[in-house]
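Just below is one structure, and these are the notes that go with it.
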Amino acid sequence: MQAKWYLIFILILVVSTSFVDRQDGITVTVTGLRNNKGHVLLSLFKGAEGYPGNPSKAFRKVQLTISANKASIDFPSLPSGDYAIAILHDENDDQKMKTNWLGLPAEGYGFSNNVMGVAGPPSFNKAHFNYTAGKAVTITIKTRY
């Protein structure tokens, strides 16, 4: 008799957990990192103000650990709105973009929607995406060098 109740309990547990909603928020995965040196600096902007050159105006700023040439993070329970992401593979951990003698980036970078600018970073309008609170969104950003 006890085995019957045990099986019913397990069945109820399995069925109830299958209807649980996924975590809400934005999950960001950065791919294409050329090595595991340094960190990925990620700025999540809510609106165009400060994007992408002024990370101090970002809605969230994080430093990500790199493993197997990837980095990822979850931003749970965000408010609805238009967001854009800018990343920097800060290989030398100096908290800024290293450039070559021409002023071109010498470290990896990337933007949401994997867009690129013509003569500089892409505009917020090109990189932004709309997020609705309570939903789960996955963003993958390919690093460019």
Side-chain angles (χ1 to χ4, degrees), residues 6-145:
Y6 180 75
L7 288 174
I8 290 173
F9 173 74
I10 295 295
L11 180 61
I12 290 171
L13 183 65
V14 168
V15 170
S16 66
T17 58
S18 67
F19 292 107
V20 174
D21 287 339
R22 290 181 164 183
Q23 178 183 356
D24 72 330
I26 299 171
T27 299
V28 181
T29 302
V30 178
T31 64
L33 297 161
R34 67 179 164 198
N35 56 51
N36 294 326
K37 294 179 184 176
H39 293 88
V40 171
L41 305 180
L42 185 148
S43 298
L44 175 68
F45 291 87
K46 186 176 188 300
E49 186 178 356
Y51 172 85
N54 190 352
S56 67
K57 296 201 176 202
F59 183 70
R60 299 270 197 284
K61 292 186 317 184
V62 293
Q63 180 174 293
L64 306 176
T65 301
I66 302 166
S67 178
N69 297 11
K70 288 184 181 180
S72 63
I73 188 166
D74 293 319
F75 293 102
S77 304
L78 295 173
S80 295
D82 288 332
Y83 291 87
I85 300 168
I87 65 105
L88 166 65
H89 180 193
D90 188 16
E91 292 177 275
N92 61 2
D93 274 335
D94 67 353
Q95 302 291 306
K96 59 185 178 179
M97 169 70 77
K98 180 180 174 184
T99 58
N100 65 19
W101 65 275
L102 291 172
L104 299 173
E107 294 180 300
Y109 59 93
F111 305 95
S112 43
N113 296 333
N114 289 305
V115 294
M116 299 304 299
V118 177
S123 69
F124 180 83
N125 287 336
K126 288 185 179 180
H128 91 279
F129 58 94
N130 185 268
Y131 172 73
T132 303
K135 302 289 183 182
V137 173
T138 301
I139 304 289
T140 301
I141 298 175
K142 183 174 180 348
T143 310
R144 303 191 188 234
Y145 291 91

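Applying the salt bridge (charged side-chain N to carboxylate O under 4.0 Å, His left out) definition to pairs two or more places apart or across chains, none involves residues 92-105. Judged as a side-chain hydrogen bond (donor to acceptor under 3.5 Å, both in side chains), the pairs with a partner in residues 120-139 (not counting sequence neighbours) are, in order, Asp82-Asn130. The salt bridge (charged side-chain N to carboxylate O under 4.0 Å, His left out) contacts involving residues 99-121 comprise nothing, where partners must be two or more places apart or lie in separate chains. The salt bridge (charged side-chain N to carboxylate O under 4.0 Å, His left out) contacts involving residues 26-38 comprise Arg34-Glu91, where partners must be two or more places apart or lie in separate chains.
We find the CG-CD1 distance between Asn113 and Ile85 to be 9.0 Å, quoted to the nearest 0.5 Å. Atom-to-atom distance recorded for Ile141:CD1 and Ile87:CD1 is 6.0 Å, nearest 0.5 angstrom. A distance of 11.0 Å separates CZ in Phe111 from OG1 in Thr143, rounded to the nearest 0.5 Å. Rounding to the nearest 0.5 Å places OG1 of Thr29 at 8.0 Å from CG of Asp74.
Contact detail for Gly108 and Met97: the closest heavy-atom pair is O-CE, 4.5 Å. Contact between Pro122 and Tyr51 at its shortest, heavy atoms only, is O-CE2, 3.2 Å.
Residues Ser112 and Tyr83 are not in side-chain contact: their nearest non-hydrogen atoms beyond the backbone lie 4.5 Å or more apart. Phe75 has its side chain within reach of Leu42: a pair of non-hydrogen atoms, C-beta onward, lies under 4.5 Å apart.
Proximity of a side-chain donor or acceptor of Ser80 to a complementary backbone N or O of Ala133 within less than 3.5 Å is detected. A donor-acceptor pair is defined here as one N or O able to donate and one able to accept, closer than 3.5 Å; no such pair exists between the side chain of Thr99 and the backbone of Leu104. Within the 3.5 Å criterion, the main-chain N or O of Thr140 finds a donor-acceptor partner in the side chain of Asn114.
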Show which side-chain atoms of residues 57-72 pair as donor or acceptor with protein atoms under 3.5 Å away, not counting sequence neighbours.
unit_1, atom_1, unit_2, atom_2, d
Lys57, NZ, Glu49, OE2, 3.0
Gln63, OE1, Gln95, NE2, 3.0
Asn69, ND2, Leu33, O, 3.1

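Residues satisfying the side-chain contact (heavy atoms from CB on, under 4.5 Å) criterion with Met116, sequence neighbours excluded, are Tyr109, Arg144.
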